[in-house]
Amino acid sequence: MRWSEIPRDAKAYMLYHTIIAPGLIVWILFPLYLMETGYSVLEVGAFFTAINIIAVPLTYLFGRLFNCWDIRKGLMAIDLLDGIAYVLYGLAKGTVAPLMLFAGRTIEKLSTVLYPLYRAYEQTIYPEDKYEEIFAWHLRLPEIARLITFPILGYIFGYIYPSPKNYRWAFLFFGLLSAVTVAYIWRFLPSVGREERITPEGFTFRVGEFKLLLAFEALLTLAWELAPEIVLINYVVFMLHKTVFEVTLIACASSLASIIGTYASERVPKEKGFQAIGVGMFINAFYALVMALAPPFWLVLVIYALSDFGNTFWFPFYRSWQFSLIPKERASEFHAAISSYNRLIGLFTPFVAGALASLHATLPYAVSFGLFLLAGAMFWWLAGKGIYSKTAS
C-alpha cells in the first residue's frame, strides 16, 4: 500500500504517533533513574506493581464511557496526563522526591487507563478492508522516528550528561512537549463520537474466536511482562556495565528490524495471517531463549532486533483479526475490557519479574520462552483449522 493511498485522517493519526515516538525515551530513563538513585530491580518491580492495582477497574470504566464520548478527547487526556507525570518526575528532588515520583507514576498510570482508546480510534478511522496493509505504515513511521532520535538522546544522556539530575531535565522537556501534541490532536485529528462508529451490516459476534483471542492475550501479556524494560536495563547497565546509550542502541536496532518487518508482512497473503502470527511467536521464543543464556552485549543487540522484526511481522494480522471480532459502536468498551483483563493477569508481573531478576539477571526470559512457544503452537493449530482465511475472505 502506497502512502498516497492512505486516507488523510489516517495519515494525520500516524504522524501524531511519529511525533510522540522520541518521548518514549522516558520509558527507559525513568526506571534507570530509579535504579541509579538507589532502588534495586526488585524494589522497582514492587513500585510498579503497587501502582498497577488501581488501573484495572478504571480501564474498563473509562472504555465504557467512551462508547458515547468523543475518543479524540480521550487521546488529548492521555498526553495531558503524561505531560503532568513527566513534569513531576523532573521536579522530584530532595526529601519530597519519593512522593513526587509516586505521584507522577500514578498519574502516568492513569493515562495508560485510556490507552485502549488508541485501538478504538484506529478501528474507526482506518479503512476496514485495508487493516493489514495500513498497520504496516502505522508501525513503520514511529520506528523511523525512534531510529533517528534515540541514538542522539542515548549518547547525550549516556556520555555527555549521564547523571540522574540530567534525566530530570529530559522529563521536564518531554512533559512540556505534551502541550504541543495536545494542540496537534485538537487541530488535525478528526472527532470520533458515537455517530462515527457504526458496525457494518452482517457483523456476527463470534464467541468461540473471541475466547481464543483472550487466551492468546493472556499468554502474550505474561510472556512480555515477565521480562519487561526493567529487566533489560538491569542486565545491560548493571550486569554488562554499559550505559543508557547502549540501551538506546538496542532500541535503534529493534526499530530498524521493525521497519524491515513491516515490509515483510506486506508480502504475506491475508489468508496466511495465523501462520504469520505463529512464526512471529516462534521468533520471540528464540529471542527469549537466547536472552535467558545471558548473552554478551553484541548478541543482545542482534536478538532484540530479531524479536522486534518478529513483532512487526505478525502484528498487522493479529490486529486485523482482533478488529474483525469487535463491533465498532462498542469498540472502546471491548478494547478497554481486553486491556483490563490483561492488566489483571499482569497485576503482579513487575514484582515477579524483579524477584526473578534479583535471583539471576536473565531468569525472567526463561519463563517467557515457554509462554511464547505455547502462543506459537496455538496459532499453528488455528491455522490448520482455516479460521483466519475465513475471516480474511
Side-chain angles (χ1 to χ4, degrees), residues 1-22 24 118-119 121-123 125-152 216 220 224 248-288 290 298-324 372 375-376 379-380 382-383 388-389 391-393:
M1 187 178 196
R2 294 188 180 93
W3 177 253
S4 60
E5 297 172 341
I6 299 173
R8 180 183 176 277
D9 290 343
K11 286 180 181 177
Y13 180 71
M14 291 180 192
L15 290 174
Y16 158 70
H17 280 284
T18 305
I19 293 168
I20 65 174
L24 300 183
Y118 287 131
R119 295 192 291 277
Y121 197 80
E122 291 153 14
Q123 185 174 349
I125 68 165
Y126 287 168
E128 188 173 346
D129 59 338
K130 298 289 184 181
Y131 279 148
E132 287 91 349
E133 297 94 330
I134 210 162
F135 268 107
W137 279 101
H138 173 92
L139 295 171
R140 188 177 298 150
L141 294 179
E143 294 296 350
I144 292 172
R146 285 210 313 166
L147 186 61
I148 295 170
T149 58
F150 267 39
I152 299 170
F216 174 69
L220 195 64
W224 282 118
T248 58
L249 285 184
I250 294 171
C252 290
S254 297
S255 292
L256 181 60
S258 293
I259 294 166
I260 297 170
T262 63
Y263 287 104
S265 71
E266 288 182 316
R267 297 181 178 274
V268 178
K270 287 186 178 182
E271 64 272 13
K272 298 291 184 181
F274 277 169
Q275 287 95 327
I277 299 171
V279 168
M281 290 299 102
F282 291 136
I283 291 173
N284 287 340
F286 181 67
Y287 131 85
V290 173
W298 70 267
L299 189 51
V300 173
L301 200 70
V302 171
I303 203 63
Y304 259 83
L306 179 65
S307 173
D308 270 45
F309 170 86
N311 284 335
T312 50
F313 182 72
W314 66 261
F315 180 84
F317 302 99
Y318 177 66
R319 188 63 88 220
S320 178
W321 179 54
Q322 183 186 58
F323 285 0
S324 75
F372 281 129
F379 274 98
W380 275 99
L382 291 174
Y388 193 95
S389 59
T391 300
S393 61

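From Ser307, atom OG reaches atom CH2 of Trp224 across 3.5 Å, with rounding to the nearest 0.5 Å. Within the model, atoms CE of Met14 and NZ of Lys11 stand 9.5 Å from one another, a figure rounded to the nearest 0.5 Å. Atom-to-atom distance recorded for Ser320:OG and Lys130:NZ is 12.0 Å, nearest 0.5 angstrom. Between the OG1 atom in Thr18 and the CD1 atom in Ile144 there is a gap of 8.0 Å [rounded to 0.5 Å]. Rounding to the nearest 0.5 angstrom, the gap separating the CG atom in Leu139 from the CG atom in Asn311 is 9.5 Å. Note that the CZ atom of Phe317 and the CD1 atom of Ile277 stand 8.0 Å from one another [nearest 0.5 Å].
Considering all non-hydrogen atoms of both residues, Ile134 and Ala10 come closest at CD1-CB, 4.1 Å. Across Ile152 and Ile148, no two heavy atoms sit closer than the pair CD1-O, 3.6 Å.
You'll find the ring centres of Tyr318 and Phe216 inside the 6.0 Å limit.
In this structure a side-chain-to-backbone donor-acceptor pair under 3.5 Å is present from Ser265 to Thr262.
For Glu266, the side chain to side chain contact (heavy atoms under 4.5 Å, CB included) partners two or more places apart in sequence, or in a different chain, are Ala136, Trp137, Arg140, Tyr263. With sequence neighbours left out, Phe286 forms a side chain to side chain contact (heavy atoms under 4.5 Å, CB included) with Val290, Ile303, Leu306. Partners of Tyr16 under the side chain to side chain donor-acceptor pair (under 3.5 Å) rule, at least two apart in sequence or in another chain, are Asp79, Tyr118. Ser255 meets the side chain to side chain donor-acceptor pair (under 3.5 Å) test with Glu143, Arg146; sequence neighbours excluded. With sequence neighbours left out, the side chain to side chain contact (heavy atoms under 4.5 Å, CB included) criterion links Tyr304 to Leu232, Ile250, Ser254, Tyr287, Met291, Val300, Tyr365. Under the rule for a side chain to side chain contact (heavy atoms under 4.5 Å, CB included), the partners of Ala257 that lie at least two apart in sequence or sit in another chain are Ala305, Phe309.
Of the options Glu122, His138, Arg8, a side-chain hydrogen bond (donor to acceptor under 3.5 Å, both in side chains) to Tyr13 is made by Glu122 and by none of the others.
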